[in-house]
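Proteins come first, then strands; the chains are lettered A, B, ... in the order of their sequence lines, and each starts at number 1. Source: prediction; values computed, not measured.
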2 protein chains.
Amino acid sequence: MKNAQPEKSLSAQIADAIRTAIVDGRLLVGDRLPSEAELADQHGVSRATVREALKRLAAQSLIRTERGAFGGAFVNHLSYDEARAQQVTTSTLLLGMNAISFQVACEARYALERSCTALAAERRTDALLDKMRVEIETQSAPDLSDEAFCASDVAFHRALVDCAGNEVLSYHLAGSVEAMQPLMNMITFTARSRAEIIDLHRAIVAGLELRDVASIDRALATLEAYTITLGQSVLKARATR
Amino acid sequence: MKNAQPEKSLSAQIADAIRTAIVDGRLLVGDRLPSEAELADQHGVSRATVREALKRLAAQSLIRTERGAFGGAFVNHLSYDEARAQQVTTSTLLLGMNAISFQVACEARYALERSCTALAAERRTDALLDKMRVEIETQSAPDLSDEAFCASDVAFHRALVDCAGNEVLSYHLAGSVEAMQPLMNMITFTARSRAEIIDLHRAIVAGLELRDVASIDRALATLEAYTITLGQSVLKARATR
DNA sequence: AGGCATTTAAATGTCTGACAATTATTTTGG
DNA sequence: CCAAAATAATTGTCAGACATTTAAATGCCT
């Protein structure tokens with residue numbers, strides 16, 4: 001069994017040691033780490049090296065630091081929002097760097113989204129349905145920018161996954177769908193295509209209201225097919241330009 | 001519009017600036033950043049501060065550093081494996097810290113997994129089916145440790161999502177499912193329960209072979225219900241102990 | 001005793017300058 | 001022409017210093 005990285009930098013090694021302690025539960029949420037000076041002593045390195053290690057952990061939101069007396073580095077309580085923000089950053093970058101075709105991205109997005117329809121139909125609340133109706137209203141504004149339309153679209157689908165009433169599922173789905181948004185944004189929406197999309201959004205809300213899973217799935221499938229068509233026409237237009 | 005963090009540390013600000021440049025595409029994969037000394041000059045800070053900023057970015061796999069002449073910090077090509085590893089770290093920690101009930105985790109896991117069944121049935125390859133059969137064989141070994149059984153279970157489900165033949169979907173699903181494994185591991189498997197699970201795995205493979213989506217979904221639903229039952233009995237045993 | 005201002009101490013944030021270690025390139029020597 | 005040695009650029013690490021922040025301790029006045 002060989003070591004994967006025989007000689008990582010000291011700051012990376014120290015970061016790994018602390019990270020492992022956190023993941024394994026030897027350090028609990030809210031625990032305070034020793035001061036930088038103490039850590040430097042314990043590991044036999046300089047304070048600068050310890051600080052680089054701590055910054056690595058801070059970048060992963062594993063710890064937070066507070067200044068002043070009785071400050072220091074504390075094991076952070078990772079919130080759903082923080083975790084999702086990180087997931088979105090990583091995933092967005094990954095997708096942006098790997099020449100993903102629009103069709104593959106679209107297929108993945110709607111496949112993921114369909115995973116919550118059964119639970120969403122069962123558990124949808126009036127508050128979330130209202131939220132979705134409000135977003136549909138927003139999307140219907142004739143002078144809305146493409147950017148704002150997309151933002152409202154994300155909010156709409158976010159509400160849809162929240163309908164499933166499972167916070168873990170919401171976290172994963174919202175992160176995944178949000179990360180794909182830059183790829184989805186390749187499309188420019190005409191008034192006509194916006195109207196089509198809004199109609200499908202209405203169908204989704206109606207399906208949720210009636211707890212009719214099949215109709216929601218049909219609407220999502222139609223939305224997927226329509227989005228792919230739009231994407232292809234955009235690509236074709238670019239190619240012949 | 002107020003600034004969220006009016007005064008972040010300089011190293012955090014510099015890290016943000018570089019991160020934004022990467023995400024926005026002003027820095028491309030493979031590009032070399034200026035040397036630490038140059039960055040220090042450009043931002044009017046010391047080299048130590050720049051180094052802390054770079055370590056933050058390295059922790060997110062956004063850059064990699066090479067030593068020596070013509071070394072430096074390079075914009076990293078994020079691979080699916082690296083991205084998934086990070087996603088799993090973050091998600092695992094999030095789920096471990098937030099008192100997620102076993103039932104909620106289980107429900108989310110199988111909901112996500114079901115999102116790929118239709119595509120998987122359509123596109124499954126013989127190679128992946130064989131892989132799944134091999135894992136079933138592994139799981140059938142009578143002297144297998146719980147740990148090894150779980151590892152093989154993960155590999156089996158990983159192959160299932162790969163059947164969908166969509167790399168983006170594989171990335172999201174594999175990461176999500178893997179992150180939930182520690183929660184799933186609360187269960188200790190008896191010989192009897194292992195046999196039940198293996199039967200359901202066989203049913204999944206058979207369903208894929210016949211491209212029978214409904215039977216795969218049934219098997220997954222049964223697996224979900226059975227897993228939740230197992231989890232509840234474990235919890236009950238602990239409570240009365 | 002109680003409240004307010006000041007001091008103090010502990011910690012992180014930053015800077016400076018130095019040296020070690022690494023590595024591609026260049027030079028040198030045969 | 002090729003191999004060995006010198007070179008230069010760059011990151012990794014260290015030591016020490018000072019600035020800044022913040023909670024607690026202290027002291028003073030009412």
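Ranked by how close their nearest DNA chain D nucleotide is to the 5' end, B:Gly71 and A:Ser46 are led by B:Gly71. With the nearest nucleotide of DNA chain C identified for both A:Thr65 and A:Ala69, A:Ala69 has the one nearer the 5' end.
Aromatic ring orientation, A:Phe156 versus A:His201: parallel (interplanar angle below 30°, classes split at 30° and 60°).
Candidate nucleotides D:dC14, D:dG12, C:dT14 were compared by shortest atom distance to the side chain of A:Arg47, and C:dT14 ranks first. Comparing C:dT12, D:dA24, C:dT14 against the side chain of A:Phe70 picks out D:dA24 as the nearest. Of the listed nucleotides (D:dC14, C:dA21, D:dT10), C:dA21 has the atom at the smallest distance from the side chain of B:Arg67. Taking the side chain of B:Ser35 as heavy atoms from C-beta on, and the options D:dT11, C:dC15, D:dG12, the nearest nucleotide is D:dT11.
Atom CD1 in A:Ile63 sits roughly 12 Å away from atom C1' in C:dT12 (whole-Å rounding). Summarising the geometry, the separation between CZ on A:Arg32 and C1' on D:dA23 is reported as 12 Å, rounded to the nearest angstrom. Atom pair A:Glu52:CD and C:dT12:C1' shows a separation of 15 Å (rounding to whole Å applied). The separation between B:Arg64 atom CZ and C:dT23 atom C1' is 15 Å, rounded to whole Å. Atom-to-atom, CZ of B:Phe74 to C1' of D:dT11 comes out at 11 Å; the value is rounded to the nearest Å. Following rounding to the nearest Å, B:Leu10 (CG) and C:dT12 (P) show an atom-to-atom distance of 17 Å. Nucleotide D:dG12 holds its P atom 17 Å from the CZ atom of A:Arg51, rounded to whole Å. Rounded to an integer number of Å, the gap from CG of B:Leu57 to P of D:dT11 is 14 Å.
Between B:Glu137 and B:Arg133 there is no salt bridge, since none of the side-chain N atoms of the basic residue sits less than 4.0 Å from a carboxylate O of the acidic one. Electrostatic pairing of A:Asp16 and A:Lys8 counts as a salt bridge here, judged by a charged N lying under 4.0 Å from a carboxylate O. For B:Glu224 and B:Arg114, the salt-bridge test passes: some basic side-chain N is under 4.0 Å from an acidic carboxylate O.
For the atom pair A:Leu54 CG and A:Ile18 CD1, the distance stands at 5.5 Å (nearest 0.5 Å).
Put simply, B:Lys8 has no side-chain N or O that comes within less than 4.0 Å of OP1 or OP2 on C:dG13. Contact annotation: B:Ser9 side-chain N/O to C:dT12 OP1/OP2 distance is not under 4.0 Å.
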